[in-house]
Student: 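Here's a structure for you.
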2 protein chains.
Amino acid sequence: MGPDKAGAQNILVKKSRVTLADVAVAAGVSKMTASRALRAAGDVSKSNVERVLQAAQDIGYVGNPLASSLSGQRSNLVGVVVPSVANVVFAEVLGGIAEGMQGTGMQPVFGVTEYDLDREYNVIRNMLSWNPAGLIVTGLDQSEDARRLLENTEVPVVQIMDLDGTPIDACVGFSQSAAGAEMADALLAMGRRQIGYIGCDLNKDTRANKRLEGFKRTLLKNGLELLVEEITESPSAVSTGRALTARALANRPDLDCIYYSNDDLAAGGAFHCMANGVIVPDTVVLAGFNGLDFIESLPVKIATSRTPRRKIGKTAVKYIVATTKKNGAPQDKVIAYTPIVVD
Amino acid sequence: MGPDKAGAQNILVKKSRVTLADVAVAAGVSKMTASRALRAAGDVSKSNVERVLQAAQDIGYVGNPLASSLSGQRSNLVGVVVPSVANVVFAEVLGGIAEGMQGTGMQPVFGVTEYDLDREYNVIRNMLSWNPAGLIVTGLDQSEDARRLLENTEVPVVQIMDLDGTPIDACVGFSQSAAGAEMADALLAMGRRQIGYIGCDLNKDTRANKRLEGFKRTLLKNGLELLVEEITESPSAVSTGRALTARALANRPDLDCIYYSNDDLAAGGAFHCMANGVIVPDTVVLAGFNGLDFIESLPVKIATSRTPRRKIGKTAVKYIVATTKKNGAPQDKVIAYTPIVVD
DNA sequence: CATGATATCGATACCGGTATCGATACCAAA
DNA sequence: TTTGGTATCGATACCGGTATCGATATCATG
């Protein structure tokens, strides 16, 4: 029952969206001049810039990124491909990415692969179809098809969280196998020799697998082998870690150390020990991976490797932003961090 | 130095992207027919559908969602606005959303507000400019400006995780204040009377605040008040919970129960107690919120309210998908879940 | 055979921006 | 005064799809 009521038969009232043309009319210039002014693209007199900006402000112009991306051949979307969001680690990476994008005008689009290579391929393909400003994908081990896709695109691609392999374009992360090796060194330095391993989904989580390899390699170098290798397909969770630890310690009560594929599992191990009177770390040392915040609050001390997750996300964005800039100074293609072993 | 070298002056070799026109030519039909065939939009003979599909397959056509969204007035992007991704709860909601979108052709775009209303406004505004298929925003308490934006849009909007207030369009969640009240009831039923509260950022996290209100209301109904109310601005984390619990118990050693604004803080409380010989739950009952998976693996028992986070995400998507369908049967606008108190 | 309904198709006009290039104006140098 | 350069602007042609509507062909019916 607004004032529109009167115009029941006026034909030209859709006007659902304020467009650049409206701004141009309001400012008394052409669409092009308005476009240039709004983008600060130069070639516009100071007075007209002001006029256009004011007009846009007045009529509440927002701009249509779809149109602009279609025309400009590049969007301000950044595709982010992670294996899982339920995992805190990737959630924090996302957080870092979101933080890094703050103020850049870019928008993250995310896709979840659930550690499935086919799904990953589809997600990547789909994201590329958006002409994104960049792509951030987890890990270096994509399927051949996916890799080809990424190699042939003009879009800057940043692979994160890994360093062991050949990056397609840029790469921000750390060496997973080195991380595993370092942890092994640390545990050996603590005098541990009866060592077991507990992990999830190694066939899918190639990064955990690389850590395990590095870990075993170092053991071997010291004439040791894993006494137990409990590997499950159930999802990585604290409860899983607790259950597997119970099993492992039942089978091999002589273990004096357990390396887990991540902190969640290790925390589960800690809980099992606490609940069953196993002294940590005196009787058995537990070691995880990631350095999640809550680890240091646990009543018992467990070892872990602290990884710069937020920073990795932020850095990946920074690379894309820098590459997108016209005067793109050549960027470092490989940015390596080192996890810090904490015990 | 590829084979292109020879064609230094050939003019027509860009062809960077396979377009619908290419498919049309390859299939020997018009762009429109190709478009219709690929979208299964009808009005195309069976033989031509096959021809087009085959052609598209052969030349590797992918389709440009930008163009299609611009033309079709609606994209297949779904905006997701959450206060934080580092928080597992929202990470799991995102997981549910991603799961729900699996196979729908929709893509989630996410924005993080860090509990900042201005930021939220900007994120929402920005997302609306993409003509999204839908918007999923956390909570019912947006700023006035943001609310106006959401009310005036045609895009389906789903507010999640809360029920206490007036939804703009649809709403999937649970009553936070009722959840707080229920937990109070449960704790009182356990015979607890010396109750304290520990929480973070209540001025920003309105949902935690609602829980606290419901909690206090129930206490009051039973002639009780909180003995301690520790509220901090530091981020919600296990370590924060541990520190605040230490403080609270030092001030009021007579506490027999602590309600936390979430499970992370509560876990920190549990760790403090374990490390300091405070018996949980005999001496002091700890109660959190969310029902995170790891809670049940803790060596001590703590209470919590289990919330269907993944399901909420999934349901929100389902609403958007259903609304987007042409023959959109009228959907339930309010989908209420009930957290389950676990003790 | 005329007629109308139905199925199938394509030309054209957008969607809302941006790239490109030519036009115009103004000023300094020749 | 002529010439050349620079600053400023706008007409036009896209970007890659989709909506619309009219054209054509086919077929059952009167």
Side-chain angles (χ1 to χ4, degrees), chain A residues 12 14-52 56 59-77 105 128-133 154 326, chain B residues 11-12 14-52 55-56 59-77 105 128-133 154 326:
Chain A
L12 306 169
K14 39 162 62 174
K15 205 191 100 104
S16 56
R17 182 177 192 135
V18 179
T19 76
L20 185 62
D22 299 326
V23 177
V25 169
V29 298
S30 72
K31 262 175 65 181
M32 261 328 290
T33 301
S35 169
R36 284 195 269 250
L38 289 168
R39 284 178 297 146
D43 274 8
V44 186
S45 68
K46 254 195 173 302
S47 62
N48 269 344
V49 170
E50 281 172 26
R51 223 189 306 282
V52 169
I59 65 180
Y61 173 70
V62 175
N64 187 335
L66 287 168
S68 131
S69 306
L70 177 59
S71 174
Q73 304 288 296
R74 184 120 313 174
S75 75
N76 60 357
L77 252 22
L128 282 177
S129 73
W130 283 93
N131 279 52
E154 300 292 311
K326 309 257 174 187
Chain B
I11 318 290
L12 305 170
K14 41 162 61 175
K15 205 191 99 102
S16 57
R17 182 176 192 136
V18 179
T19 77
L20 185 62
D22 299 326
V23 178
V25 170
V29 298
S30 73
K31 260 175 66 180
M32 262 326 292
T33 300
S35 170
R36 284 195 269 252
L38 289 168
R39 282 177 297 145
D43 273 9
V44 186
S45 68
K46 255 194 172 290
S47 63
N48 267 345
V49 169
E50 279 173 28
R51 223 190 307 281
V52 170
I59 65 181
Y61 173 70
V62 174
N64 187 335
L66 287 167
S68 131
S69 305
L70 177 60
S71 174
Q73 303 290 295
R74 184 120 314 173
S75 74
N76 59 357
L77 253 22
L128 281 177
S129 73
W130 283 93
N131 280 47
E154 301 291 312
K326 308 258 174 185

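Throughout, protein chains are lettered first and strands after them, A, B, ... in sequence-line order, and every chain is numbered starting at 1. All values below come from the heavy atoms of this structure, side chains included, with hydrogens, waters and symmetry mates left out.
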Student: Please report the distance, rounded to the nearest Å, between CG in N64(B) and P in dC15(C).
Tutor: 18 Å
Student: Round to the nearest Å and state the distance from R39(B) atom CZ to dT8(C) atom C1'.
Tutor: 15 Å
Student: Rounding to a whole Å, what distance do you find between L66(B):CG and dT18(D):P?
Tutor: 12 Å
Student: For R17(A) and dG16(C), is the shortest distance between a side-chain N/O and OP1 or OP2 below 4.0 Å?
Tutor: no
Student: For L66(B) versus W130(A), what's the shortest heavy-atom pair and its separation?
Tutor: CD1-O, 3.5 Å
Student: Could you check if a side-chain atom of T19(A) sits within less than 4.5 angstrom of a side-chain atom of N64(A), using non-hydrogen atoms only?
Tutor: no
Student: Roughly, in whole Å, what's the span from CG in L38(A) to P in dG16(C)?
Tutor: 16 Å
Student: Tell me the closest heavy-atom pair linking P65(A) and S69(A), and the distance in Å.
Tutor: O-OG, 2.6 Å
Student: Go through the N and O atoms of the side chain of S68(B) and the base of dG17(D), and report whether any donor-acceptor pair is under 3.5 Å.
Tutor: no
Student: Please walk me through it: do L38(A) and L20(A) pass side chain to side chain contact (heavy atoms under 4.5 Å, CB included)?
Tutor: CA-CA 9 Å; L38(A) 289 168; L20(A) 185 62; 3.6 Å; yes
Student: Axis-to-axis angle across the helix from dC1(C)-dG30(D) to dA30(C)-dT1(D), five pairs an end, to 10 degrees?
Tutor: 50°
Student: Can you measure L20(A) atom CG to dG17(C) atom P for me and round it to whole angstrom units?
Tutor: 5 Å
Student: Report each atom pair, protein N/O against N/O of nucleotides 6-11 of chain D, whose distance is under 3.5 angstrom.
Tutor:
residue	atom	partner	partner atom	Å
dC9(D)	OP1	S45(A)	OG	3.2
dC9(D)	OP1	N48(A)	ND2	2.4
dC9(D)	OP2	S45(A)	N	2.5
dC9(D)	OP2	S45(A)	OG	3.2
dC9(D)	OP2	N48(A)	ND2	3.4
dG10(D)	OP2	S30(A)	N	2.9
dG10(D)	OP2	S30(A)	OG	2.9
dG10(D)	OP2	T33(A)	OG1	2.5
dG10(D)	N7	R36(A)	NH2	2.7
dG10(D)	O6	R36(A)	NH1	3.2
dG10(D)	O6	R36(A)	NH2	2.9

Student: For residues N76(A) and G105(A), report the shortest heavy-atom separation together with the two atoms involved.
Tutor: ND2-O, 2.8 Å
Student: In this structure, how many angstroms lie between the C1' atom of dG17(C) and the CH2 atom of W130(B), rounded?
Tutor: 12 Å
Student: Would you kindly compare S71(B) and S35(A) by the position of their nearest DNA chain C nucleotide and give the one closer to the 5′ end?
Tutor: S71(B)
Student: If you look at every heavy atom in R17(A) and D22(A), which pair is closest and at what distance?
Tutor: O-OD2, 3.6 Å
Student: So which heavy atom on V23(B) is nearest to which on A55(B), and how close?
Tutor: O-CB, 4.0 Å
Student: Specify the closest pair of heavy atoms between P132(B) and S75(B), including all atoms of both residues, with the distance to one decimal.
Tutor: CA-OG, 3.4 Å
Student: Would you say L128(A) and V62(B) make side-chain contact, with heavy atoms under 4.5 Å?
Tutor: no
